[in-house]
Amino acid sequence: MAVREIKTRNYVAYGLTDVLGAGSMAVISGWLIFFYTTFCGLSAIQAASIFAIARIIDAVASPLIGHISDNLNKTKIGRRFGRRRIFLLAAIPLLPSFALMWVADQHYWYYLLTFVFFELVYASVLIPYETLAAEMTDDYTKKAKFAGARILTGQVSAIFAGILPNWIVNYVGGKENSETFLIMGIIFALAFMLVIGVTYLFTWEREHKDEPKPGAELPDKPQGSAFTALKMVFVNLSSTLRIRAFRLHLGMYLGGYISQDIFNAAFTYFIVFALGGSVAIASSLIANTYIAQLAAVALAIALVIRIGPSYTYRLAVSFYIAGILALLCLFLTFSELPPLYLLLGAVVLAGLGRGALNYIPWNVYNYIADVDEIVTAKRREGSFAGVMTFIRKAAQAVAVMFVGIVIEWGGFMSGSETQTTEAINTIVLVMVIGPILLLLFGFFVASRFKLNKSTHALLMSEIAHLKSGATEPSSDQSRAIVEDLSGWPYEKLWGKNNVGK
């Protein structure tokens, strides 16, 4: 089959689904706990427990979705609609569930069920979606462009996640109430349905070597019992962690993303209670953070190609930590709300680091399946996507639960317009110490990560070398690089091991 030409519309269409990926997470991480504790009568621990329970359920669902997606091409429906893109199509009518999370004055079980349902819909889209760049091309630069298109689009949607509450507050007459968040939920739900439809129409999947002969019978569903499928899920989970590049990649991913989860969960509380601001001010600052992140992604795309993801990641960490420390200095210096231009400078500094930290892991992810292929001689994009989503959400659950527990332990009172000095100091410490510790961990891991444009080119050359029937490395340099990336001796590569079996 001839290689399909990738045009600008394909990059754009692929990137659009991150309106769901990054946009929904920006809304949830920035506003949901605040919404629960301010307008829904939930305590901080109750609000955080909703996140934790949803992630426990997702611990099974996400890897299972990845496993099913990897094997769906063996079924009739997978051959007809694709093993990845069918999930996008099926999710479209379910996405209005996002708006249901933002109905005020309901009971705890309502918020738990609506959040869990949306999280499952989200996982069923994002896990197959995350494999599409690797399905559409093997080229390093094109994969980098796909990752860039995705993260740039996600940052634009995150800007709206930050700024919409402020616009809506002004539209409804300047009153901060629960309707602000419901209207925002409806707007985003409609946007999710639109962008996923566009992605489905302008993306494709690679052909598979196990394509059946014309007239061959195909099963209606993946073969094997549910128990067998579930067992394979966790076999895949453990086997992906045996790939060294993937382990390091996860460290960078979690360091960059979980630091932002903790920061985001505490930031609105910080602005409203520690600095004496308002939801509208927090909304404006969050929007400007994401604008800075958008600029940082555009810069990071070029830097990753030129100097590699490891150096770019460490530079981004430095900017983000500087922004966090600037916010701490403003809190310690001013007894009332600091001048907005100083707050703006601090969040822009943090945003320049955050944008690059968002882009780099998803750029790197597109090449992890190539490292895995030289170990297993298989293509397992779906398994890696499932494991990434599972670990990300499990870690996010711990992070958000941590914020809720610590803030309530520090004396936070739900529904109160003022908080004690102890509660305020706790909010500040959570927003500063938690993210910085995680960022330093990511910085250390990045210093050991060696996958870049030149090592990837050598990796792909060595895969072609092994496909030709070779059993010895093409050079000493090739041996050293593929062994560093894979974590396996050369003699155990290309399926001569028990990884993925």
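Each residue takes its place number in the sequence, starting with 1.
Considering only heavy atoms from C-beta on, Phe51 comes within 4.5 Å of Leu32 through its side chain. At least one side-chain heavy atom of Phe87 sits under 4.5 Å from a side-chain heavy atom of Ser69. Between Pro309 and Tyr313, every side-chain heavy-atom pair lies at or beyond the 4.5 Å cut-off. The shortest distance between side-chain heavy atoms of Leu100 and Tyr110 falls below 4.5 Å. At a threshold of 4.5 Å between non-hydrogen side-chain atoms, the residues Phe449 and Val364 count as touching. You'll find the side chain of Leu152 reaches within 4.5 Å of the side chain of Ile301, heavy atoms only. Between Val272 and Ser278 there is no side-chain heavy-atom pair separated by less than 4.5 Å. The shortest distance between side-chain heavy atoms of Gln106 and Val103 falls below 4.5 Å.
For the residue pair Thr426 and Gly410, the shortest heavy atom distance occurs at OG1-CA, 3.4 Å. Here the shortest heavy-atom pairing between Ala296 and Gly355 reads CB-CA, 4.0 Å. Ala44 and Gly404 get closest at one heavy-atom pair: CB-O, 3.6 Å. Nearest heavy-atom pair across Ile324 and Pro435 is CD1-CB, 3.7 Å. Shortest non-hydrogen contact noted between Val371 and Ile243 is CG1-CG2, 3.7 Å. Ala189 approaches Leu95 most closely through the heavy-atom pair CB-O, 3.8 Å.
A salt bridge is absent between Asp484 and Lys450: the closest approach of a Lys/Arg side-chain nitrogen to an acidic carboxylate oxygen does not fall below 4.0 angstrom.
No hydrogens or angles considered: a donor-acceptor pair under 3.5 Å links the side chains of Gln260 and Asn358. Side chains of Ser454 and Asn452: a donor on one and an acceptor on the other come within 3.5 Å. Using modelled atom types and a 3.5 Å distance limit, the side chains of Tyr108 and Ser49 yield a donor-acceptor pair. With no hydrogens or angles considered, no side-chain donor-acceptor pair links Ser318 and Arg314 at under 3.5 Å. Thr37 and Tyr269 are linked by a side-chain donor-acceptor pair at a separation below 3.5 angstrom, with hydrogens and angles left out of the test.
Aromatic ring centroids of Phe384 and Tyr365 lie 6.0 Å or more apart. For Tyr14 and Tyr129, the distance between ring centers is under 6.0 angstrom.
Taking CD1 of Ile33 as the start and CG of Leu42 as the end, the distance is 10.5 Å to the nearest 0.5 Å. Taken to the nearest 0.5 Å, the OG1 atom of Thr268 stands 4.0 Å off from the CD1 atom of Ile286. To the nearest 0.5 angstrom, Ser43 atom OG is 11.5 Å from Ile407 atom CD1. For the atom pair Leu357 CG and Ile151 CD1, the distance stands at 11.0 Å (nearest 0.5 Å). For the atom pair CZ (Phe39) and CG (Asp105), the distance works out to 10.0 Å, reported to the nearest 0.5 Å. The CG atom of Leu330 sits 11.0 Å away from the CG atom of Leu325 when rounded to the nearest 0.5 Å.
Considering Arg150, Lys143, Lys142, Glu130 in turn, Lys143 is the only one that fulfils the side-chain contact (heavy atoms from CB on, under 4.5 Å) rule with Asn366.
The backbone N or O of Gly21 lies less than 3.5 Å from a partner atom in the side chain of Tyr122, making a donor-acceptor pair. No donor-acceptor pair closer than 3.5 Å links the side chain of Ser284 to the backbone N or O of Ala280.
The aromatic rings of Phe270 and Phe331 sit tilted relative to each other, their planes meeting at an angle between 30° and 60°. Note: Tyr11 and Phe146 have tilted aromatic rings, judged against thresholds of 30 and 60 degrees for the angle between ring planes. Between Trp31 and Phe181, the ring planes are tilted. Angles from 30° to 60° get that label. Using a 30° and 60° split on the angle between ring planes, Phe34 and Phe273 fall in the tilted class, from 30° to 60°. Using the six-membered ring where Trp is involved, Phe267 and Phe263 have ring planes that are parallel, under 30° apart on the 30 and 60° scheme.
Geometrically, Arg244 does not engage Trp488 in a cation-pi contact, judged by NZ or CZ lying under 6.0 Å from the ring centre and within 45° of the ring axis.
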### Task
Go through the steps to decide whether Leu459 and Ile481 satisfy the test side chain to side chain contact (heavy atoms under 4.5 Å, CB included), and finish with yes or no.
CA-CA 8 Å; Leu459 170 71; Ile481 288 176; 5.8 Å; no

### Task
Walk me through it: do Ser239 and Arg380 pass the test side-chain hydrogen bond (donor to acceptor under 3.5 Å, both in side chains)?
CA-CA 11 Å; Ser239 69; Arg380 299 193 299 159; 2.8 Å; yes

### Task
Please step through side chain to side chain contact (heavy atoms under 4.5 Å, CB included) for the pair Ser24 and Phe188, ending with a clear verdict.
CA-CA 8 Å; Ser24 66; Phe188 268 96; over 6 Å; no

### Message
Show, in sequence, the C-alpha distance, side-chain angles and deciding distance for Ile28 and Phe115, and conclude whether the side chain to side chain contact (heavy atoms under 4.5 Å, CB included) test is met.
### Response
CA-CA 10 Å; Ile28 288 170; Phe115 185 69; 4.0 Å; yes

